[in-house]
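The next block holds one structure in the form of C-alpha cells; read it before the comments.
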Amino acid sequence: RIRQPTIKTSHLEPWKIALIVIGSAVAAAITIGLLIYFLAYGKFYILYEQLFYYSGSIKITNIRYKNEFSRQSSGRFRDLSERVERLIDKTFYNSILRKKFIRSRLIRVSPDADGVMAEALLTFWFSSTDSREALRERVQRILRKGLKKYKGPLRIDVRSSAVSSKYITSLLRLVLPFS
C-alpha cells in the first residue's frame, strides 16, 4: 500500500478574514476620498494649468534695422534671436517664475527711431483661475528687472520694454499657422 503524504490545509479564522475585509474596505474608501478631494478642489495642478502667452517687446538701441531682420531665416535675425531669447530665458529662470516659464521665441524685429524693437512670444504655465492681467504685470516687472541687470553687448532701453497679451491671437497665428 502506498502512503500519500498528508496535506495540511490551514484555514483562516473568521476574525482574521473580517480584519482583511475591513482593512481593504478602509483603504479603498481613503483612496476614493482623496481622489474626489483632489479633483473637486483643484489640487491636481496639471489638470488645471494652462499655457499663457504674452508678447514682450524690447527696444535695442545699438542695432540699426536692416532688411535681413524681416526674414526669420536670415543669419542676422537668427543671431539677434539667440541673444534676445537667451537674455529673456536667463531672466525668468533666475526669477520666482522659473518653474512657470516655458520658453521665449523672437517673433519679429521692427525698425524704431533709436534702433530696433524686438518682439518675443513668452510662454508660461499658470493656473487657469489666475488673472491674466495680474500675471502680465508680474511678468513685465520681472522682465524689466532682468533687463536692468543685463550687462552685455546689447544696449536696451528698459523703459520702452513692455509685456502685452493684447495681440497674442495674431501672434500665435504667425508662429503656429496650422493651429
Between [Y] and [X], is there a side-chain heavy-atom distance shorter than 4.5 Å?
{"X": "F124", "Y": "L97", "value": "yes"}
{"X": "Y65", "Y": "I63", "value": "no"}
{"X": "F101", "Y": "V139", "value": "no"}
{"X": "R105", "Y": "Q72", "value": "yes"}
{"X": "I58", "Y": "V158", "value": "no"}
{"X": "L80", "Y": "I60", "value": "yes"}
{"X": "W125", "Y": "L51", "value": "yes"}

Shortest non-hydrogen contact from [X] toward [Y]:
{"X": "F77", "Y": "I107", "answer": "CZ-O, 3.8 Å"}
{"X": "I88", "Y": "A120", "answer": "CD1-CB, 3.8 Å"}
{"X": "V84", "Y": "A118", "answer": "CG2-CB, 4.4 Å"}
{"X": "Y93", "Y": "I102", "answer": "OH-O, 3.4 Å"}
{"X": "I142", "Y": "T91", "answer": "O-CG2, 3.5 Å"}
{"X": "V163", "Y": "Q140", "answer": "N-OE1, 2.9 Å"}

(message) Could you check whether any side-chain N or O of R136 sits under 3.5 Å from a backbone N or O of Y54, counting only pairs where one atom can act as donor and the other as acceptor?
(response)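 Side chain of R136 to backbone of Y54: no pair is present.
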(request) Would you check if there is a donor-acceptor pair between the side chains of E119 and S110 at a distance under 3.5 Å? (result)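 Distance-only check fails for S110 and E119.
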(message) Show me the pairs that pass salt bridge (Lys or Arg N to Asp or Glu O under 4.0 Å) and involve residues 73-83, at least two apart or across chains.
(response)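 Non-adjacent pairs meeting salt bridge (Lys or Arg N to Asp or Glu O under 4.0 Å): E68-R76, D79-R83, E82-R86.
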(message) Cation-pi check for F52 against R132: NZ or CZ below 6.0 Å from the six-membered ring centre and within 45 degrees of the axis, yes or no?
(response)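 Verdict for F52: a cation-pi partner in R132.
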(message) Count I, L, V, M, F, W, Y as connected when their side-chain heavy atoms are under 4.5 Å apart, and connections chain through other members. Are L121 and M117 then in the same cluster?
(response)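 No: no chain of side-chain contacts under 4.5 Å links L121 to M117.
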(message) What verdict does the side chain to side chain donor-acceptor pair (under 3.5 Å) test give for D89 and S104, after you've listed the backbone C-alpha separation in whole Å, the side-chain angles of each residue and the deciding distance to 0.1 Å?
(response) CA-CA 7 Å; D89 292 351; S104 64; 2.8 Å; yes
(message) Could you walk me through whether K59 and D114 satisfy the side chain to side chain contact (heavy atoms under 4.5 Å, CB included) test, starting with their C-alpha distance in whole Å, then the side-chain angles of each, then the deciding distance to 0.1 Å, before giving a yes or no?
(response) CA-CA 8 Å; K59 186 176 188 176; D114 300 327; 3.2 Å; yes
